[in-house]
Amino acid sequence: MHFSPLLYLDPGSGSFIIQILIAVLLGLGVALRASWGKIRTYFGAKPKTEDDDDSENV
Amino acid sequence: MSKPEQLSASFRDPSGFLFSRDGILYRQINRAYSKDYARLMDSGLYERLVKAGLLIPHVEVDQAPAAQDAAFKVIQPECVPFISYPYEWSFSQLQDAALATLSIQKRALKLDMSLKDASAYNIQFVRGRAALIDTLSFEIYKEGQPWVAYKQFCQHFLAPLSLMSYRDVRLSQLLRVYIDGVPLDLASSLLPARTRFNFGLLTHIHIHADAQKRYSDREIKAGSGGMNRHAMIGLIESLESTIKKLAWKPAGTEWGDYYQNTNYSDSAFEHKKQLVKDWVGDTKSSRVWDLGGNTGVFSREVASTGAYTVSFDIDPAAVEQNYRMVKTNKEQNLLPLILDLTNPSPALGWNNTERNSFAERGPVDMSLALAVIHHLAISNNVPLTQIADFFASCARWLVIEFVPKSDSQVRRLLASREDIFPEYTHEGFEKAFSTRFHIRKTEAVQDSERALYLMELR
């Protein structure tokens with residue numbers, strides 16, 4: 001894994017490994033959502049506007 | 001020009017550091033960080049984040065760097081009026097700080113950048129809202145690279161928030177012990193077993209903690225990345241939804257009636273409000289601490305004069321309610337914080353200089369001590385002269401309310417114990433405080449036996 005010299009935090013081996021496992025699983029959902037959006041658009045559904053976070057009030 | 005002084009808390013990140021010169025705070029950016037800084041500024045990310053109130057603005061200045069050899073640029077960030085720490089925040093404040101961090105990460109990813117740290121100490125409340133104060137927290141995102149700050153985010157935000165929500169809100173104080181956030185094995189063992197049925201807490205706390213133990217010595221090999229952009233977004237969204245679902249409400253109470261003011265008639269209450277407001281104006285105080293501020297009723301009066309007001313209280317529920325009002329009313333110069341006056345935040349961290357103590361963050365122009373002296377003098381046995389010394393260290397001006405023994409609140413405190421406080425009278429109080437202050441004004445609070453004093457430091 002290439003690290004930039006400025007990554008000063010220790011990401012932790014266990015945290016790194018488990019993060020990748022969890023994220024890959026969750027990423028499938030995100031990918032599916034993206035594809036589903038494309039399919040819907042192909043069949044004439046209005047494309048969902050991407051969340052514009054700028055209006056988000058945290 | 002005086003010698004620049006590097007801030008003692010600013011040593012971890014080789015990208016740059018904070019220093020002060022002639023009373024102004026600057027941030028030196030090192031050459032090693034120049035590409036990441038350029039991307040932050042050129043990609044439009046800086047502008048978007050500042051516009052959204054999620055990052056404090058800065059200007060590039062023509063100042064000599066504090067360490068010439070490594071220097072790339074010097075910037076002057078906007079001044080934050082009061083630096084607070086996560087162990088002083090109420091539940092919603094820590095939750096909003098967490099959500100702000102994730103919101104920043106999502107926006108950064110859209111422009112091919114990523115947060116390289118997710119420290120709660122990098123978030124401050126600016127104009128009433130959680131904002132990032134560390135301009136050097138961004139790095140250029142390389143697809144495939146996992147989130148290097150994942151562990152830190154879980155320790156600084158998710159672990160304490162889940163403990164506060166599922167176990168006890170007072171567990172936020174673990175952040176005072178663990179400077180880099182709550183260890184995940186500790187959080188996992190303290191959380192109730194039912195949190196294993198919450199997907200977010202199961203994965204990001206329990207399984208995460210187990211993995212840390214199991215793989216602690218495992219070397220991360222080149223090419224062990226493989227976390228594409230969808231996976232990164234999935235991870236951030238999962239953390240976000242887990243945190244949004246966490247909630248806290250004090251047991252058996254409704255927010256609306258959590259605090260009813262008891263010992264006053266309406267007219268006495270209004271009278272007290274008006275006096276406080278007038279005295280803030282008379283003394284031209286622009287920075288005020290309300291010590292024992294409860295839900296912020298008087299802090300709000302002070303803040304309405306334009307003074308930047310920090311409202312401290314020991315009760316997490318009162319501070320929570322105060323913060324919710326700040327958000328609802330979009331108040332910009334009022335900061336509610338949790339503080340135990342009998343044991344205020346100490347100096348913490350490396351060499352005891354990374355996090356400032358409560359006292360080191362003062363003094364301010366004025367402090368308010370309304371209906372608080374009996375808690376210090378009677379519940380905590382602090383001699384009146386020592387209480388005067390404490391307030392003398394806080395501010396030049398002091399507005400203090402004396403609550404006599406005849407008051408029902410004090411009678412309640414004395415009901416279960418011996419009255420060993422012969423000095424605790426109006427006269428004894430004035431005598432003790434006169435050692436440190438000039439008493440400028442005294443007003444009896446209407447319809448009560450209490451009195452309000454305006455004092456100035458000797």
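Naming convention: chains lettered A, B, ... in sequence-line order (proteins, then strands); numbering from 1 in each chain.
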Nearest 0.5 Å please: distance from the CG atom of B:L115 over to the CG atom of A:L9. 11.0 Å

Please look at B:T203 and chain A and tell me whether the side chain, the backbone, both or neither of the residue comes under 4.5 angstrom of a heavy atom of that chain. both

Check whether the side chains of B:Q212 and A:S15 place a donor and an acceptor atom closer than 3.5 Å, and report yes or no. yes

Take B:H204 and A:I22 through the test side chain to side chain contact (heavy atoms under 4.5 Å, CB included) and record every step on the way to the result. CA-CA 8 Å; B:H204 301 305; A:I22 298 170; 4.0 Å; yes

Bottom line for B:R12: the part with an atom under 4.5 Å from chain A's heavy atoms is both

Side chain of A:Q19, backbone of B:P146: donor and acceptor closer than 3.5 Å? no

Please check if the number of heavy atoms outside B:E47 that lie under 6.0 Å from its CD is greater than 12. no

Which bit of B:F199 is near chain A, if near means a heavy-atom gap under 4.5 Å: side chain, backbone, both or neither? side chain

Please confirm whether the backbone N or O of B:R218 pairs with a side-chain atom of A:S13, one donor and one acceptor, at under 3.5 Å? yes

Among A:V30, A:I17, A:L21, the residue with the most heavy-atom pairs under 4.5 Å to chain B is A:V30

Enter the distance from A:I18:CD1 to B:C154:SG here, rounded to the nearest 0.5 Å. 11.0 Å

